[in-house]
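Just so it is clear, the structure is predicted and the values come from calculations on it, not from any experiment. These numbers come from the heavy atoms of this one structure, side chains and all, not from hydrogens, waters or symmetry mates. In the text below, chain A, chain B and the rest are named by the order of the sequence lines, each starting its count at 1.
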Amino acid sequence: MSIKVENLYKSFGEHIVLNGISLEIEEGKTICIMGPSGYGKTTLIGILMGIIKPDSGSIIGLEDKKISAVFQEDRLLENLSIIANIHMVCQKIDVMKIQEGIKALGLNEAINQPIRELSGGMKRRVAILRALFADYDVLFLDEAFKELDMATYETTIEYVRNKTKGKTVICITHDKDEAKLLEADRVIELDKI
Amino acid sequence: MNSSKHNRKIKLWAVLVWLVIWQIGSVIIGQEILLVSPVQVLIRLSRLIITYEFWHSIGFSFARILLGFLSGVIFGVLLAGIGARVKLVREFLEPLVQTIKSIPVASFIILILVWISSKNLSVVISFLMVFPIIFTNVRDGILNMDTKLLEMADVFHLPLKVRIRYIYVSQVLPFFSAGCSLALGLCWKAGIAAEVIGIPKDSIGENLYNAKVYLNTPDLFAWTLVIIIISVLFEKIFLFLLHKGVGKIEHMK
């Protein structure tokens with residue numbers, strides 16, 4: 001079942017952020033949402049995730065779906081290790097599997113370090129791993145690959161692409177090449193709808 | 001923060017200098033009843049610690065103050081948890097908490113003595129000192145939690161026990177820990193003050209009272225030293241166990 005967004009309005013005070021947005025996202029597809037800053041990309045997925053209330057409009061098709069996300073900020077628990085942060089959202093998954101993911105994204109050396117000691121790019125990869133290990137039908141990626149250096153950027157996107165096959169992925173990005181690397185099925189330019 | 005911690009650190013040399021000043025002062029005054037020397041205090045203490053009554057008094061007072069402290073912590077945490085979630089409960093409890101905070105401890109001691117026997121007076125007084133501090137600190141800790149982490153927990157549909165273990169504990173712990181540190185010192189001071197007024201048999205307070213009645217200054221100083229040592233040791237051990245326990249909870253698989 002696809003996700004249907006109809007006539008979504010949201011304003012913060014006098015500032016209208018979403019002005020009657022309507023769109024449809026097919027199940028199992030990867031959608032990239034692009035657009036200049038201030039066009040409400042983060043607000044839109046915040047509403048889809050249920051953490052921001054719209055002023056009006058409706059969303060159909062997400063009610064019984066399990067969601068996962070990489071937020072614009074890492075939102076990790078700084079005192080805990082990588083494994084503890086991931087284990088928090090997927091208590092039933094074997095730690096060995098988590099360790100494999102950690103290794104695949106080049107975080108093996110930092111496995112026992114608390115998050116606060118990691119670099120920005122490493123924290124980003126932990127946030128991505130946490131989102132991928134959670135049990136989900138729809139994955140939201142809000143500028144998930146920012147802060148990644150050249151060496152890890154492409155391998156991380158490739159890892160995400162392989163792990164999300166058959167799942168619905170909604171990704172916010174400023175970069176058209178990122179959409180290509182993700183092999184997005186559709187790119188929605190928010191300033192043109 | 002490090003600089004303020006550094007400034008608060010007590011240096012051994014400074015303590016020794018103060019002890020020397022105390023010793024010189026007591027020699028100059030020359031009257032033990034007015035200012036006993038530190039050497040005399042240690043001599044008196046060394047005689048006290050080999051008696052059964054000494055340890056019995058410590059056990060009596062410690063057990064009651066500890067009971068008051070723990071019940072204050074348990075009630076404070078539980079009601080803060082409910083209060084942080086339910087505004088009505090928070091508003092209902094606020095006048096009570098503010099009243100307890102404002103009333104002088106001596107008034108409480110006299111009032112409680114009317115209601116209950118002096119034997120358990122220090123339990124109630126310690127409770128009344130600890131409860132409002134823990135309640136306020138834990139409630140503020142919960143209300144000031146990082147909303148972005150709470151949103152993350154909502155998105156991932158984390159069950160309550162996982163939220164408590166991973167998010168609430170680490171976010172509220174600094175508030176709880178600061179509250180415990182403050183409450184521990186206060187409950188000892190107030191608990192012993194209650195015993196001095198209520199004079200329950202075989203308590204530290206009774207010993208302090210007797211020292212006052214018989215103008216036994218060495219005993220007064222020796223017992224005061226004992227109270228300080230127990231209070232500091234209790235605070236250090238409690239906070240050490242608290243942080244160790246939290247570390248274990250956070251890293252439990």
Quick check: are there more than 12 heavy atoms from other residues, nucleotides or ligands sitting under 6.0 Å from [atom1] of [X]?
| X | atom1 | value |
| --- | --- | --- |
| B:Lys101 | NZ | yes |
| A:Phe12 | CZ | yes |
| B:Leu241 | CG | yes |
| A:Lys146 | NZ | yes |
| A:His174 | NE2 | yes |
| B:Phe238 | CZ | yes |

Which atom pairs, one a donor and one an acceptor, fall under 3.5 Å between side chains of residues 97-114 of chain A and the rest of the protein, sequence neighbours left out?
none

Structural part of B:Val155 lying under 4.5 Å from a heavy atom of chain A: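 Answer is both: backbone and side chain atoms of B:Val155 are under 4.5 Å from chain A.
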Tell me, do [X] and [Y] make a side-chain contact under 4.5 Å, heavy atoms counted?
| X | Y | value |
| --- | --- | --- |
| B:Met152 | A:Arg130 | yes |
| B:Lys148 | A:Phe71 | no |
| B:Tyr166 | A:His87 | yes |
| B:Glu151 | A:Arg75 | yes |

With rounding to the nearest 0.5 Å, note down the distance linking OG1 in B:Thr147 to CD1 in A:Ile51.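 Result: 9.5 Å between the selected atoms.
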What distance separates B:Ile167 CD1 from A:Leu77 CG, expressed to the nearest 0.5 Å?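 Reported to 0.5 Å precision, the distance equals 5.5 Å.
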Might you point out which heavy atoms bring A:Met88 and B:Val162 nearest each other, and give the distance in Å?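 Where A:Met88 meets B:Val162 most closely, the heavy atoms are O-CG1, 3.5 Å.
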How close do B:Leu149 and A:Leu76 get, counting heavy atoms only, and between which atoms?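 The pair with the smallest heavy-atom distance is CD2-O, 4.0 Å.
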Please determine, among A:Ala69, A:Ala131, A:Cys90, the option with the most heavy-atom pairs under 4.5 Å with chain B.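 It is A:Ala69.
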With sequence neighbours left out, write down each residue that passes salt bridge (charged side-chain N to carboxylate O under 4.0 Å, His left out) with A:Lys165, or none if nothing qualifies.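 Checked A:Lys165 against salt bridge (charged side-chain N to carboxylate O under 4.0 Å, His left out); zero matches.
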Would you mind checking which part of A:Glu78 comes under 4.5 Å of any heavy atom in chain B, side chain (CB onward), backbone (N, CA, C, O), both or neither?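 No part of A:Glu78 comes within 4.5 Å of chain B.
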